[in-house]
Protein chains: 2
Amino acid sequence: MSRIREHNRELIIQAASEIFADQGYAATKIIEIANRAGLPKPNVYYYFKSKENLYRSVIESVIDPLLQAAQPFYEDDDPATVLEQYIIAKIKVSQQHPHASKVFASEIMHGAPHLPEDIAEKMMEQTIQSSNKIQSWVDRGLMDRVDPHHLLFTIWAATQTYADFDWQISRVTGKDNLSQQDYDTAAQQLTQLILKGCGVQTSKAAKAG
Amino acid sequence: MSRIREHNRELIIQAASEIFADQGYAATKIIEIANRAGLPKPNVYYYFKSKENLYRSVIESVIDPLLQAAQPFYEDDDPATVLEQYIIAKIKVSQQHPHASKVFASEIMHGAPHLPEDIAEKMMEQTIQSSNKIQSWVDRGLMDRVDPHHLLFTIWAATQTYADFDWQISRVTGKDNLSQQDYDTAAQQLTQLILKGCGVQTSKAAKAG
DNA sequence: GTCTATACGCGGATAGAC
DNA sequence: GTCTATCCGCGTATAGAC
């Protein structure tokens with residue numbers, strides 16, 4: 001595959017991510033994507049064959065950061081550490097990949113009609129791993145007897161909201177864009193809320209006890 | 001205005017809420033709305049003139065339950081009571097008006113292009129009232145020094161997720177529909193998380209203290 | 001007021017020249 | 001491989017019969 005080919009595909013995927021995120025699948029026009037990518041419309045079809053196919057490529061291109069965010073669950077077994085790192089990672093995704101987050105949110109909200117089954121399975125797999133781990137913490141008395149699913153739903157929603165509902169965030173905070181400081185505060189506040197709210201033993205206390 | 005006219009308008013609005021919620025504005029076809037309402041397509045245009053106009057009517061028809069949920073903030077001044085009642089009310093909206101919630105979520109996620117300014121102002125007004133009240137609790141030492149905006153973002157996201165991302169909820173819980181019990185559990189868990197996580201004095205303790 | 005039949009424009013997709 | 005010119009179907013909207 002040639003350099004130019006690779007480059008143009010990337011240009012198109014990038015432009016498409018932004019526009020699909022802003023407008024949703026149905027409202028997006030291929031010509032807008034072409035314009036933003038600086039290419040004529042038929043080139044988009046030349047590289048991706050159809051709108052639907054381009055959309056699937058976008059989904060695949062943005063899945064990686066979303067799946068990566070769950071790493072903390074695989075790398076540690078201390079609830080305070082894992083939950084804090086997970087929240088930080090999820091907020092970072094909202095900050096650094098807002099388009100990915102929105103494309104996914106839109107997709108899920110409308111019943112995931114275009115989500116490839118293998119991606120859906122990977123996410124389900126992660127969810128099972130994560131909730132099992134939370135359950136094991138509960139069983140070992142490391143935190144309150146929370147329902148792991150509900151806890152995950154809350155963490156997902158509270159972190160993704162900074163990307164998905166950025167219009168509302170902007171309006172309420174009176175800022176066009178959140179600063180690094182704002183994201184740090186969000187992560188810190190949410191971590192505090194979750195850890196304290198679930199009665200999680202801090203790692204220091206856990207190690208000392 | 002005649003009975004039939006009123007009745008047909010309601011039929012159409014109801015059908016339209018469901019389909020706009022499921023598919024989003026751009027993907028929705030008037031003929032589907034007409035079919036679900038059991039009327040011929042031109043009748044929809046006869047009553048609402050255009051798709052855009054119908055959509056605005058839908059938004060106006062679903063705004064009420066959403067605004068009503070903030071009542072607890074105006075009816076009491078005890079943080080434990082207000083936050084618990086607010087969370088219960090918000091979860092109830094997700095349960096009883098899932099279409100309203102989704103139409104709004106979709107609208108906000110795409111930058112609120114069709115949201116009438118007076119509605120946006122009412123919501124902003126409520127937000128200011130609510131966050132001022134939270135701030136006053138912080139100042140009076142009734143809870144931890146949380147940032148009111150971030151706390152509201154978390155409560156909004158965590159409660160709305162049960163309507164907006166129902167596909168994901170279904171998949172994770174393995175249930176097609178959540179039962180009354182499930183919603184009660186969600187509300188109870190989230191209330192516990194927020195109250196404990198923010199170090200809110202329970203009303204009993206507050207009154208005793 | 002209601003509905004059949006139809007106009008019309010937009011946007012996805014492609015033929016074919018370069 | 002690239003892009004101009006064009007096709008064609010779908011969905012919004014309406015004219016006009018009843």
Side-chain angles (χ1 to χ4, degrees), chain A residues 1-61 103 106-107 110-111 113-116, chain B residues 1-61 103 106-107 110-111 113-116:
Chain A
M1 180 161 319
S2 83
R3 274 282 163 56
I4 291 175
R5 190 180 182 82
E6 191 70 4
H7 178 67
N8 279 348
R9 281 183 64 97
E10 272 168 34
L11 274 181
I12 294 166
I13 292 256
Q14 178 58 31
S17 311
E18 295 169 17
I19 299 185
F20 281 134
D22 281 356
Q23 328 218 11
Y25 178 79
T28 294
K29 297 163 216 169
I30 296 292
I31 185 105
E32 289 182 82
I33 295 175
N35 288 344
R36 181 161 314 190
L39 295 168
K41 179 168 72 153
N43 282 31
V44 175
Y45 284 97
Y46 172 70
Y47 287 117
F48 292 94
K49 217 182 116 153
S50 72
K51 181 180 180 179
E52 171 110 20
N53 194 46
L54 170 56
Y55 183 70
R56 269 200 294 271
S57 300
V58 166
I59 294 216
E60 276 158 24
S61 86
V103 170
S106 208
E107 178 66 17
H110 298 132
H114 304 285
L115 193 67
Chain B
M1 180 162 318
S2 83
R3 274 283 162 57
I4 291 175
R5 189 178 183 85
E6 190 71 5
H7 178 67
N8 280 348
R9 281 184 64 98
E10 272 168 34
L11 275 181
I12 294 166
I13 292 255
Q14 177 58 30
S17 311
E18 294 170 16
I19 298 185
F20 280 134
D22 281 355
Q23 325 218 11
Y25 177 80
T28 293
K29 299 162 214 169
I30 296 292
I31 185 111
E32 289 182 81
I33 295 176
N35 288 344
R36 181 161 312 190
L39 295 167
K41 179 171 71 156
N43 282 33
V44 175
Y45 284 97
Y46 172 70
Y47 286 118
F48 292 94
K49 214 180 130 179
S50 73
K51 181 181 180 180
E52 170 112 19
N53 194 47
L54 169 57
Y55 182 70
R56 269 200 295 269
S57 300
V58 166
I59 294 217
E60 275 158 23
S61 86
V103 170
S106 209
E107 178 67 17
H110 298 133
H114 305 285
L115 193 67

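Chain letters run A, B, ... following the sequence lines, proteins first, then strands; residues in each count from 1.
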Protein-nucleotides 12-18 of chain D N/O pairs under 3.5 Å:
unit_1: D:dT12; atom_1: OP1; unit_2: B:Thr28; atom_2: O; d: 3.1
unit_1: D:dT12; atom_1: OP1; unit_2: B:Lys51; atom_2: NZ; d: 3.4
unit_1: D:dT12; atom_1: OP2; unit_2: B:Ile30; atom_2: N; d: 3.2
unit_1: D:dA13; atom_1: OP2; unit_2: B:Tyr45; atom_2: OH; d: 3.4
unit_1: D:dA13; atom_1: OP2; unit_2: B:Lys51; atom_2: N; d: 2.9
unit_1: D:dA13; atom_1: N6; unit_2: B:Lys41; atom_2: NZ; d: 2.9

How many whole angstroms separate atom [atom1] of [X] from atom [atom2] of [N]?
X       : N      : atom1 : atom2 : answer
A:Phe48 : C:dT14 : CZ    : P     : 16 Å
A:Ile33 : C:dA13 : CD1   : C1'   : 14 Å
B:Arg9  : C:dG1  : CZ    : C1'   : 15 Å
A:Glu32 : C:dG11 : CD    : P     : 8 Å
A:Asn43 : C:dA13 : CG    : P     : 15 Å
B:Leu11 : C:dT2  : CG    : C1'   : 15 Å
A:Ile12 : D:dT2  : CD1   : C1'   : 12 Å

ask   = Within a strict 4.5 Å, meaning less than it, do heavy atoms of the A:Asp22 and A:Ile19 side chains meet?
value =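 They are not in contact (no side-chain heavy atoms under 4.5 Å apart), so the answer is no.
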message = Contact between A:Ile33 and A:Ile12 at the side-chain level, heavy atoms closer than 4.5 Å - yes or no?
response =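 A:Ile33 reaches A:Ile12 side chain to side chain.
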ask   = When you measure from the side chain of B:Ile4, which nucleotide among C:dT2, D:dT2, D:dG1 comes out closest?
value =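 So the side chain of B:Ile4 is nearest to C:dT2.
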Rounded to the nearest 0.5 Å, how far apart are [atom1] of [X] and [atom2] of [Y]?
X       : Y       : atom1 : atom2 : answer
A:Ile13 : A:Ile59 : CD1   : CD1   : 11.0 Å
A:Tyr47 : A:Glu10 : OH    : CD    : 11.5 Å
A:Arg9  : A:Asn43 : CZ    : CG    : 12.5 Å

Select base, sugar-phosphate, or nothing to describe what [X] touches, counting heavy atoms under 4.0 Å on all strands.
X       : value
B:Tyr47 : sugar-phosphate
A:Leu39 : nothing
A:Asn8  : sugar-phosphate

query = With sequence neighbours left out, what residues match A:Tyr25 under ring pair (Phe, Tyr, Trp, His ring centres under 6.0 Å)?
reply =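 A:Tyr25: ring pair (Phe, Tyr, Trp, His ring centres under 6.0 Å) contacts with A:Phe20, A:Tyr55, A:His114.
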task = Five pairs at each end of the helix from C:dG1-D:dC18 to C:dC18-D:dG1: take the axis at both ends and give me the angle between them to 10°.
result =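 That helix gives 10° between its end axes.
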key: Sequence neighbours excluded, every pair satisfying salt bridge (Lys or Arg N to Asp or Glu O under 4.0 Å) that has a member inside residues 47-56 of chain A   =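 Only A:Glu52-A:Arg56 qualify under salt bridge (Lys or Arg N to Asp or Glu O under 4.0 Å).
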key: Which residues share a side-chain contact (heavy atoms from CB on, under 4.5 Å) with A:Tyr45, sequence neighbours left out   =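 Checked A:Tyr45 against side-chain contact (heavy atoms from CB on, under 4.5 Å); matches are A:Ile30, A:Lys41.
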key: Non-neighbouring partners of A:Glu18 that pass salt bridge (charged side-chain N to carboxylate O under 4.0 Å, His left out), sequence neighbours left out   =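 A:Arg36.
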